[in-house]
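Below is one structure, written out as structure tokens; comments come after it.
The chain is numbered in sequence order, starting from 1.
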Amino acid sequence: MFEVAISAGPAMLAGVNTTSEHDRDLAAKLRSLSSEPAAFKTEPPKPHARRRAIPGAMLVLAATASLAAVLFNGPETLRRIETALAGFSGSDLAISADGMEEGGAIAVEGVRTPTEDGVKSTTAPTQEITGSGYVVAPVITTVFSKYEGRIVAVGVEAGDSVVAGQVLVRLDDAGAQFALRGAEIAGRAAALALDARNIDLVQARSSLARAERLAGRDAMSAQALEEAKTAVDKAENAALQARQDAEKAELDIDKAREQVDALTVRAPISGTVTRLDAHIGDTVLSREDSVREDESLLVIADTASLVIDADVAEANIALMRPGLSGEAVLDGFPGKPFAVEVSKIAPVISREKGTVTLRLSLTSPPPGMRPAMAARIRLVVGEGAGVGASAVGAHHPPPSFEAPAFGRRTSG
């Protein structure tokens, strides 16, 4: 604040040389400016009047102060005042009417231009974590032939939707058919043998009963009675053995029939045929002998519950947690982003790539999405992490999707 005090009391004016006409006029002007404070009949200014400056009054006051300084202190003081005024040329000057002191002092102060008081919204910075991955079917079944056989019919094509239990491929194996017929014949023979043993057992028990009646009347010896009992025991054992043979024959029939039924390959799950390697006329090996993936018949994927497995930089592992939301976009549908949510985090880190794999559940993905489609994801950590799925998809993918596959950006 710059203040200039002009004290023009009578005692000071007495020392001024007023011999010339010019000096007398100047002294008269100074006496008019140095009247006592009581002579002013002004009301106290309003609080906001301090900032209302009149340019003309400031110029007069500055000229008067310069003249008084020249008269009392010489030209050096005038140069100092001019330098000070030049330094405050960019500021607003105001005259404080209520700041007059005793002895007629007028206070002049420099006032800064007020600035507008605004409220700045401070938002915590948000971090965008980007990554890339592929659409994955969590349930995939590779179908093999349980037994060896020759393909005689293929009921599906790649891309067809199937339901559990639907016939996919039919095979033919003459050996399996013959085995079933032989088992059925053996089963019938075992059943006949069981019937014969049961008849023998009935006869043996009848003979024992007659021998016991005769022995009660002393008409049969004890030895004959003992032999009748032994015959019953042998008949019971023979009947039990025949029953076991019949059960084994039934098992052989079931096994032969299961092998024949397995020549008709059915869908183990519902889904979409993603790969078909079965062709009519080909001979396939049994499941025990098929150790390579290309020896399978076909592959079925459950496309009703697709997910995205995406890799993000290992440096972001501290920010990752299940339930973290974001959005994804497929390279095949660049204009259709959709909401995703972290469901699982891989328990290990890829040493080669320095990344961690996230499994993301999908909300309203675009129709036509297929497994193995390339996808890019963006997860928001911070203030923007609460954006719901309803807000995703209403705009085109943000520029963050044009960034490299792995990275983290901070925006505030």
Side-chain angles (χ1 to χ4, degrees), residues 141-155 162-269 278 280-291 295-298:
T141 300
T142 303
V143 181
F144 290 86
S145 175
K146 188 174 183 180
Y147 300 104
E148 183 178 352
R150 182 175 58 87
I151 298 176
V152 295
V154 178
V162 297
V163 296
Q166 180 178 338
V167 176
L168 304 175
V169 179
R170 293 184 184 275
L171 295 91
D172 183 27
D173 184 9
Q177 298 289 346
F178 293 147
L180 177 59
R181 292 179 59 185
E184 290 174 346
I185 294 173
R188 289 194 295 268
L192 293 174
L194 177 59
D195 292 340
R197 297 297 180 267
N198 288 332
I199 293 173
D200 293 341
L201 178 59
V202 171
Q203 292 179 350
R205 287 175 177 173
S206 177
S207 300
L208 175 61
R210 186 173 59 255
E212 288 177 347
R213 287 194 302 270
L214 294 173
R217 296 194 300 265
D218 294 334
M220 181 175 285
S221 63
Q223 182 179 357
L225 178 61
E226 190 65 27
E227 290 176 356
K229 292 181 178 178
T230 302
V232 170
D233 292 339
K234 289 180 179 180
E236 288 179 349
N237 291 334
L240 180 59
Q241 183 64 42
R243 186 177 298 109
Q244 292 178 349
D245 292 341
E247 292 176 354
K248 182 179 182 300
E250 290 294 332
L251 291 177
D252 292 339
I253 293 174
D254 292 340
K255 181 179 179 181
R257 184 176 292 116
E258 186 272 337
Q259 184 172 353
V260 171
D261 292 341
L263 297 177
T264 302
V265 181
R266 301 179 181 273
I269 63 171
I280 296 176
D282 292 347
T283 299
V284 297
L285 300 176
S286 63
R287 180 66 181 92
E288 291 79 5
D289 299 329
S290 301
V291 295
E295 294 177 345
S296 62
L297 298 176
L298 49 87

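Taking every heavy atom of both residues into account, Tyr147 and Glu258 meet most closely at OH-OE1, 2.7 Å. Ile269 and Val162 get closest at one heavy-atom pair: O-CG2, 4.1 Å. Closest approach of Thr141 to Pro268, counting heavy atoms only: CG2-CG, 3.5 Å.
Here the CD-CG distance, from Glu148 to Leu263, works out to 10.5 Å after rounding to the nearest 0.5 Å.
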Only pairs under 3.5 Å count here: list side-chain donor-acceptor contacts from residues 238-254, not counting sequence neighbours, and write none if there are none.
from	atom 1	to	atom 2	distance (Å)
Gln241	NE2	Asp245	OD1	3.3
Lys248	NZ	Asp252	OD2	3.3

Donor-acceptor contacts under 3.5 Å from residues 196-205 side chains, at least two apart:
from	atom 1	to	atom 2	distance (Å)
Asn198	ND2	Leu194	O	3.1
Arg205	NH2	Glu236	OE2	3.0

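When the side-chain contact (heavy atoms from CB on, under 4.5 Å) test is applied to Val260, the partners found at least two apart in sequence or on another chain are Ala176, Gln177, Leu180. Residues that satisfy the side-chain contact (heavy atoms from CB on, under 4.5 Å) test with Ala228, not counting sequence neighbours, are Leu208, Ala211.
Listed by first and then second residue, the salt bridge (charged side-chain N to carboxylate O under 4.0 Å, His left out) pairs that reach into residues 166-195 are Arg150-Asp172, Glu184-Arg257, sequence neighbours excluded. Screening residues 211-235 for side chain to side chain donor-acceptor pair (under 3.5 Å), with sequence neighbours left out, gives no hits.
A heavy-atom distance below 4.5 Å is found between the side chains of Leu297 and Ile151. Considering only heavy atoms from C-beta on, Val169 comes within 4.5 Å of Leu298 through its side chain.
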